[in-house]
K.L.:
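Could you have a look at this structure, given as C-alpha cells, before my questions?
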2 protein chains.
Amino acid sequence: MTSTSQPDPSGQPAGRGGYAKGRAKRAEVIQATIVSIAESGFHGASLRDIAARAGISHAGLLHHFPTKAHLLMAVLEHRDDVDGVDLDEDVAQGVSFIEAMIGLAERNARRRPVVEAFTVLAAEATTPDHPAHAYFKIHYNEAIASATQSFRELKAAGRLRPEVDPEREGAQWIALMDGLQIQWLQSLAEPDGRPLDMAAELRYRLDAMLTTPSN
Amino acid sequence: MTSTSQPDPSGQPAGRGGYAKGRAKRAEVIQATIVSIAESGFHGASLRDIAARAGISHAGLLHHFPTKAHLLMAVLEHRDDVDGVDLDEDVAQGVSFIEAMIGLAERNARRRPVVEAFTVLAAEATTPDHPAHAYFKIHYNEAIASATQSFRELKAAGRLRPEVDPEREGAQWIALMDGLQIQWLQSLAEPDGRPLDMAAELRYRLDAMLTTPSN
DNA sequence: GTCTATATACCGATAGAC
DNA sequence: GTCTATCGGTATATAGAC
C-alpha cells in the first residue's frame with residue numbers, strides 16, 4: 001500500500017473511528033474560539049476571526065457548528081471534559097476536592113487563554129439571556145457544592161479550626177479562585193514584576209483554616 | 001483615583017451656570033451606558049442602544065462623547081467620583097479601609113447594573129488592548145495597596161491573629177470581593193432562594209482574621 | 001444640541017458549486 | 001468538507017441641516 005496512516009479523507013464513517021479529519025478540525029476550531037473569546041468576549045468574537053485562526057472560511061466553520069451559540073456550548077463542554085479527567089484522577093487518588101482545586105489553579109497558570117475566556121464568560125453570563133447562562137449556573141452550583149462538602153468533611157475530621165464555617169467557606173473558596181484569576185491575568189499584562197502565584201495564594205488560605213499544615 | 005469634583009466635562013468654562021442641559025444629558029447618557037454594558041459588555045453594547053435609552057439619537061450622543069472609548073472612560077471616571085465620595089467620608093470618620101469596603105459592598109447590593117458593568121469590564125480589560133485596561137490596572141493596584149496597608153495597620157494594632165499575613169490578605173480581600181460579586185449577580189438570576197449577602201460574607205471573613213470580633 | 005442621511009465596514013447565516 | 005458569493009442587518013463615525 002501507499003500511505004499507511006491516511007485517516008479517512010473522504011469524510012465518511014469508516015466504521016470504527018471515522019470522521020478523524022472532521023474531529024481534528026473541530027478541535028482546532030474550539031481552540032481558536034477560546035483565543036478569540038479571550039481577546040474579545042463572546043459578543044466581540046467573530047466567526048470570521050475564529051475561522052481564520054483555524055485555517056478555514058467562516059462558512060466552513062458553520063458546517064461544523066451551525067450557530068455561534070452552538071460553538072460556544074462546544075467550548076464549554078470541551079472544558080468540562082478536560083478538567084473533569086484531571087479532577088477525577090486526583091479524587092480517585094484520595095485527594096480532597098479543595099486540594100484538587102489547587103492543582104487546577106496550577107494547571108490553569110499554564111493555559112492563559114482558557115482562563116481569559118472563562119473569566120470573561122463567567123462575568124458576561126450572569127445576564128440571564130447570555131447563551132452560556134444556564135451552563136454557568138450549573139457549573140457554579142456544582143463547584144460550590146463540592147467545595148462546601150469538602151470543607152464539611154475536613155471539619156468532621158477535625159482538621160479545620162473551630163471557628164471555620166464550612167457552609168460559608170465553600171462559596172468563598174470559589175469566589176477567591178475567580179478573583180485571583182482576574183489579578184493573575186492583570187499581573188501577566190504588567191511587564192515588570194512576576195506574575196501572581198494563584199496556587200500559592202490558595203495554599204496560604206487553606207493553611208490558615210487548617211489546624212495542621214496541609215503539606 | 002480622583003475623588004474631587006468634576007471641572008465641567010463639557011469642555012467649556014461654565015462661567016455663570018451655563019451648559020446645565022448638556023451636563024444633565026451627559027449624566028443621562030452615562031447611566032444608560034452602564035445599563036447597556038451590564039447587559040452586553042463593552043464590545044456588545046451599541047451607541048444606538050445607549051442613545052435610545054437616553055432619549056436621543058446615536059449621532060446626538062456622539063456630540064457629547066466623540067467615540068465609544070471616550071464614553072467608556074467617562075463612565076469609569078464617574079464611578080470613581082461617586083465611590084470616592086463615600087469612601088472618603090468613611091475614612092474621615094476613622095473607619096478602616098477594610099470596613100469601608102464592606103460598606104461599599106452594602107451599597108453595591110443596591111446598584112445591580114453598576115456591579116454588572118464593572119464585573120464584566122474588569123474581566124474584559126485584562127486584555128492589554130481593551131480601552132479600559134489602563135484604568136483597571138491603576139484601579140486594582142490602588143485597591144490592593146489600600147487594603148494591604150489597612151491590614152498592616154490592624155496587625156500593628158494587635159487586632160489580627162498572629163498567623164495572618166497582611167501582605168497576602170490585601171490582594172485576597174479584593175479577589176474575594178470580585179468573586180462574591182459574580183456569585184451575587186448569579187444569585188439574582190435564580191428566582192428561588194434569596195440573594196447572596198456580600199457584606200455578610202466579607203464580615204465573616206474579616207471576623208475570622210481578627211483577634212476580637214469587629215462589631 | 002439634536003436631528004436625518006450617509007459612508008464604510010463587519011456581523012451571523014444561507015445557497016449552492018465542487 | 002470547504003469554498004465563493006451573497007443576503008439582510010447592524011456597527012462606529014461623519015456631514016450638514018435646523
Side-chain angles (χ1 to χ4, degrees), chain A residues 6-14 17-33 36-37 39-75 124 129-132, chain B residues 8-15 17-33 35-37 39-75 124 129-132:
Chain A
Q6 192 67 6
D8 183 46
S10 68
Q12 293 304 317
Y19 300 109
K21 185 180 179 186
R23 262 192 277 130
K25 184 53 82 180
R26 276 177 63 100
E28 211 173 331
V29 168
I30 286 177
Q31 289 305 314
T33 304
S36 191
I37 290 178
E39 289 185 4
S40 311
F42 175 69
H43 294 295
S46 80
L47 298 183
R48 281 173 176 81
D49 174 68
I50 294 167
R53 290 179 204 265
I56 57 174
S57 70
H58 94 281
L61 186 159
L62 288 170
H63 166 75
H64 297 282
F65 307 93
T67 71
K68 195 183 182 185
H70 280 85
L71 175 55
L72 174 60
M73 292 312 299
V75 167
E124 284 181 343
D129 56 328
H130 192 285
Chain B
D8 188 69
S10 66
Q12 293 301 321
Y19 301 106
K21 185 179 178 185
R23 260 191 278 130
K25 184 54 80 179
R26 277 178 63 100
E28 211 173 330
V29 168
I30 286 177
Q31 289 306 313
T33 304
V35 174
S36 191
I37 290 178
E39 290 185 3
S40 311
F42 176 69
H43 294 294
S46 79
L47 299 184
R48 280 178 174 80
D49 175 67
I50 295 167
R53 288 179 204 265
I56 58 175
S57 72
H58 95 280
L61 186 160
L62 288 169
H63 166 75
H64 297 282
F65 306 95
T67 72
K68 196 183 181 184
H70 280 83
L71 175 55
L72 174 60
M73 292 313 298
V75 167
E124 285 181 344
D129 57 329
H130 191 284

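Every chain is numbered from 1 and lettered A, B, ... according to where its sequence line falls, protein lines coming before strand lines. Source: prediction; values computed, not measured.
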K.L.:
Based on the rotation axes of five pairs at each end, what angle does the helix from C:dG1-D:dC18 to C:dC18-D:dG1 bend through, to 10°?
P.N.:
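The end-segment axes of the helix from C:dG1-D:dC18 to C:dC18-D:dG1 are tilted 0° relative to each other.
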K.L.:
Checking all strands, does A:Ala45 fall into the base, sugar-phosphate, or nothing category for heavy-atom contacts under 4.0 angstrom?
P.N.:
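A:Ala45: backbone/sugar contact only, no base atoms under 4.0 Å.
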K.L.:
Could you check how far CZ of B:Phe65 sits from P of C:dT2, rounded to whole Å?
P.N.:
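Going from B:Phe65 (CZ) to C:dT2 (P), I get 11 Å.
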K.L.:
From A:Ile56 CD1 over to A:Arg48 CZ, what is the distance, rounded to the nearest 0.5 angstrom?
P.N.:
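Reported to 0.5 Å precision, the distance equals 13.0 Å.
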K.L.:
Judged by each residue's nearest nucleotide on DNA chain C, which is more toward the 5′ side, A:Ser46 or B:His63?
P.N.:
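Of the two residues, B:His63 wins.
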K.L.:
For A:Leu61 and A:Leu47, work out which heavy atoms get closest and say how close.
P.N.:
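Heavy-atom minimum between the residues: CD1-O, 3.8 Å.
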K.L.:
Among residues 25-33 of chain A, which contact DNA chain C at a heavy-atom distance under 4.0 Å?
P.N.:
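Of all residues in residues 25-33 of chain A, none places a heavy atom under 4.0 Å from DNA chain C.
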K.L.:
With rounding to the nearest 0.5 Å, note down the distance linking CG in A:Leu71 to CG in A:Leu62.
P.N.:
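Answer rounded to 0.5 Å: 8.5 Å.
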K.L.:
Grab the two heavy atoms, one from A:Phe42 and one from A:Pro131, that are nearest each other, plus how far apart they are.
P.N.:
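Nearest pair, atom of A:Phe42 first, then A:Pro131: CE2-CG, 3.3 Å.
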K.L.:
Once you round it to whole Å, what is the distance between C1' of C:dC10 and NE2 of B:His43?
P.N.:
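For the pair B:His43 NE2 and C:dC10 C1', the rounded distance is 15 Å.
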K.L.:
Looking at residues at least two apart in the chain, or sitting in another chain, which of them share a side chain to side chain donor-acceptor pair (under 3.5 Å) with B:Gln31?
P.N.:
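B:Gln31: no side chain to side chain donor-acceptor pair (under 3.5 Å) contacts found.
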K.L.:
CD1/A:Ile50 to CD1/A:Ile37 distance, rounded to the nearest 0.5 angstrom?
P.N.:
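Here the rounded value is 6.0 Å.
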K.L.:
Considering every strand and a 4.0 Å limit on heavy-atom distances, what is the contact class for B:Leu62: base, sugar-phosphate, or nothing?
P.N.:
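Base contact.
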K.L.:
Find out whether A:Phe65 and A:Ile30 are in side-chain contact, i.e. whether some heavy atom of one side chain is under 4.5 Å from a heavy atom of the other.
P.N.:
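The answer is yes, as the side chains (C-beta and beyond) meet within the 4.5 Å cut-off.
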K.L.:
Measuring from the side chain of B:Lys68 (C-beta onward, heavy atoms only), which nucleotide among C:dA13, D:dA13, C:dC3 has the closest atom?
P.N.:
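Of C:dA13, D:dA13, C:dC3, D:dA13 is nearest to the side chain of B:Lys68.
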K.L.:
Restricting to pairs with a member in residues 54-69 of chain A, which pass side chain to side chain donor-acceptor pair (under 3.5 Å), not counting sequence neighbours?
P.N.:
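Counting only pairs at least two positions apart or across chains, the side chain to side chain donor-acceptor pair (under 3.5 Å) contacts touching residues 54-69 of chain A are A:Thr67-A:His70.
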K.L.:
On DNA chain D, does the nearest nucleotide to A:Gly22 precede the nearest nucleotide to B:Leu47 from the 5' side, or the other way round? Give the residue.
P.N.:
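Per heavy-atom nearest nucleotide, the more 5' residue is A:Gly22.
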K.L.:
In whole angstrom, what separates B:His64's NE2 from D:dA13's C1'?
P.N.:
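My rounded result for the distance is 16 Å.
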K.L.:
What's the shortest heavy-atom distance between A:Ala45 and A:Ser36, and which atoms?
P.N.:
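Heavy atoms only, the tightest pair is CB-OG, 3.4 Å.
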K.L.:
For A:Glu124 and A:Gly41, indicate whether the former's side chain and the latter's backbone hold a donor-acceptor pair under 3.5 Å.
P.N.:
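Not confirmed, A:Glu124 side chain does not pair with A:Gly41 backbone.
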K.L.:
Go along nucleotides 4-9 of chain C 5' to 3' and tag each nucleotide: B for a protein heavy atom under 4.0 Å from its base, S when only backbone or sugar atoms are that close, - otherwise.
P.N.:
B-----
K.L.:
Would you mind classifying the nucleic acid contact of A:Ala24 as base, sugar-phosphate or nothing, using non-hydrogen atoms under 4.0 angstrom?
P.N.:
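Contact class for A:Ala24: none.
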K.L.:
Rounded to whole Å, how long is the line connecting atom CG of B:Leu61 with atom P of D:dA13?
P.N.:
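That distance rounds to 10 Å.
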K.L.:
What residues, two or more places apart in sequence or in another chain, satisfy salt bridge (charged side-chain N to carboxylate O under 4.0 Å, His left out) together with B:Arg53?
P.N.:
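Only B:Glu39, B:Asp49 meet the salt bridge (charged side-chain N to carboxylate O under 4.0 Å, His left out) criterion with B:Arg53.
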